[in-house]
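Here's the structure, in C-alpha cells; my notes come after.
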Number of protein chains: 2
Amino acid sequence: MNEKIAIQGAQGSNHHKVAQLLYGNDTPIEECLSFDALVDQLLNDTAQKGVMAIENTIAGSIIPNYALIDQNDLQICDEYYLPIHHHLMALPGQSILDIKEVCSHPMALLQCKQFLKKHPHIKLVEDVDTAAVAKRIGKEQLKGVAAIAPKIAAELFGLDVLEDEIQTIKNNATRFVVLQTREQPIQDFNKASLKFELDHKRGSLAAMLNVMSDCKLNLTKIQSLPKIETPWKYAFFVDVTFDRVADYEKAKAIIEIMAEDLKVLGTYNNGRPS
Amino acid sequence: MNEKIAIQGAQGSNHHKVAQLLYGNDTPIEECLSFDALVDQLLNDTAQKGVMAIENTIAGSIIPNYALIDQNDLQICDEYYLPIHHHLMALPGQSILDIKEVCSHPMALLQCKQFLKKHPHIKLVEDVDTAAVAKRIGKEQLKGVAAIAPKIAAELFGLDVLEDEIQTIKNNATRFVVLQTREQPIQDFNKASLKFELDHKRGSLAAMLNVMSDCKLNLTKIQSLPKIETPWKYAFFVDVTFDRVADYEKAKAIIEIMAEDLKVLGTYNNGRPS
C-alpha cells in the first residue's frame, strides 16, 4: 500500500513538488489548507507522512512550525532542500507599467524586495498565499494586479509571466522536513534535530555547545524559542551533523544529563546539497 | 519640537499604544502600512523614531524585522514589553454559535489556538491584519464572521466582544524595540543587541558564548539568521544583559577580535518587567 503524503497547500505548490521528488509523481497526496491541518492529518492517520517547510535561506526559520512539531511529538524522518523561483505574473497583454499592485505572501515579497524597489509605482499588498492570488487574477480577470508565484501557477490560471526569477538571491532555497507520528529508527544517519531547555545560569548554553564540539558534532542551526508555559524562558532547537553515529550517541548521553528535557525531534540523513 | 514616531499599523494598534506609553498620549505619530514603510519613514527623516514589534512570548522572533534593522543600519535605542490581549468580536446580536469563520493574523490565531480548538465548527481564515478584519465586519455588516483583535477595535468599529482574553497564555507579551537612524550614545545602559558572523569551524559559537559568560554577560536571546548573500551560512543575533558597562566593553573588545563583522545594533536599558 502506498503511503499517503500530507502537503501544505494545493497541487502544484512547492510542498507538492517536494512530495513528488521524494516519493514519485504518482504518490497519493492529501492537500491541507494550513500547517495545523497537515498535523491533524498525521495525528488521525489519514496521511502517514507530511511535508512541511521549516526554514528559508532568506527569511530564516518558520517558527510556528517548530512549535507544531514539538507540541505534537512528531518525528522528522527526512529533509529536502528545494531551490525556490519567483515569477511576476499578470493577465496576458499587461506590461509592468500597467501593474498598480503586486499581491503575494509576505515571505515572497521579502524575497523579491530588490526587484520591487526598482518599480516604486507598484504598491505591495500582503496576501496569505502566493498561488491563490494568481488564481484570483485569472478567475476575476483582474487588470493592474500582478502575483508573485511559481511558474506552474501562471500555467494553471492562464497568466503571462512578466518577469522571470525576480527573487533577490538567485540560489534561494527552502528546507522542507518530512514528518511522521512514530519513530522509525534507521541504522545509519548523519544529522539530528534536538530540543533542550536550560536553566538561566550564566554560561549554560556555552557549556552545552562545548560538549557538542568536543564530541565532533557540527552545529548547523540554532534557534531559541520561547517556552509557551513560561514566558521569556527559552528552549533551544539545534541541528547537528556528524560523521559517526557513535559520536552523536555520546554527545546525546552527556546532554541528557546536563540539559533539562532533552528531546530528539528526529535522526535522518543530511539533505543539504554540498 | 516633538519628535515624530513611526508606528506599524493604524491608530489604536498595539504599536500606537507602545508609542503613547513611551512618549505620551499626544506624541505625533506616523501610521505605516508595513514594517518596510516604517523603515522608509526613518530613512527619510519623516519620523525620528520608530516602534517595531520584534518578538513574542509565543511565536518567537519576527525574523524579517531583524533583517530590516540590520540591512538599514538602524539603532535600537529602547525596548518595551507590552502584555497582549486578544478578544473575539462580531456584529452585535451574534452568539458564538452563529459564527462560521474567524479571520485574523496567523500570529493571533496561533496565540488563541486552545480556545479555537474548543469550537471546531468555526473555520479559521488567515488575514494580514487583526484590526482590519474588525473594520471590515463593521463596515460590510458581515454576519457569521468574527475577528480576533484588541478591545479598542470593537469600540472603533461597532462590534461586540463575544469572549474576553481568549489567548492561550494569559501573560502573553510582545517585545517592541524603538529604532532610530543615528546612534545617540547614553552613559549608562545594561542591555545590548549584537550581531556577528562566524566561520564554520567546529566550536566557534561555543567559544564566543564562553567569552560572554567569562565577562559576566547574561545571554537573554540568541537567534541565528541566514546570511542573505551566502545561503546556509548564518549570522547570530544575541541580546545580553549585564550589571557593569565595563564588563560589556571588555566582552565587546574580545568578540570584535574573534568574530567576523561584529555590529552593535544598540545599547539601551533592559525593559523586561522582572
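Chain letters run A, B, ... following the sequence lines, proteins first, then strands; residues in each count from 1.
The neighbour count for A/Gln114 CD, taken as heavy atoms of other residues, nucleotides or ligands under 6.0 Å away, does not exceed 12. Other residues, nucleotides and ligands contribute at most 12 non-hydrogen atoms within 6.0 Å of the NZ atom of B/Lys117. Around the CG atom of B/Asp243, the shell of radius 6.0 Å holds no more than 12 heavy atoms that belong to other residues, nucleotides or ligands. Within 6.0 Å of CD1 on A/Ile255 lie more than 12 heavy atoms contributed by other residues, nucleotides or ligands.
With sequence neighbours excluded, the residues satisfying ring pair (Phe, Tyr, Trp, His ring centres under 6.0 Å) with A/Tyr248 are A/Phe189, A/Phe242. The ring pair (Phe, Tyr, Trp, His ring centres under 6.0 Å) search around A/Phe237 returns A/Tyr66, not counting sequence neighbours.
Contacts between A/Lys216 and chain B at a heavy-atom distance below 4.5 Å involve backbone atoms as well as side-chain atoms. Neither the backbone nor the side chain of B/Asp214 comes within less than 4.5 Å of any heavy atom of chain A. Interface remark: A/Asp40 contributes side-chain atoms only to the contact with chain B (heavy atom separation under 4.5 Å). The part of A/Leu68 that comes within reach of chain B is its side chain, from C-beta onward, which places non-hydrogen atoms under 4.5 angstrom from that chain.
When every heavy atom of A/Ser213 is checked against every heavy atom of B/Gly203, the shortest pair comes out as OG-CA, 3.4 Å.
Side-chain N or O atoms of B/Ser224 include one that pairs as donor or acceptor with a backbone N or O of A/Ile222 at under 3.5 Å.
Distance check: A/Leu205 CG to B/Met212 CE gives 10.0 Å after rounding to the nearest 0.5 Å. Atom CG of B/Asp36 and atom CG of A/Leu109 lie 9.0 Å apart (nearest 0.5 Å).
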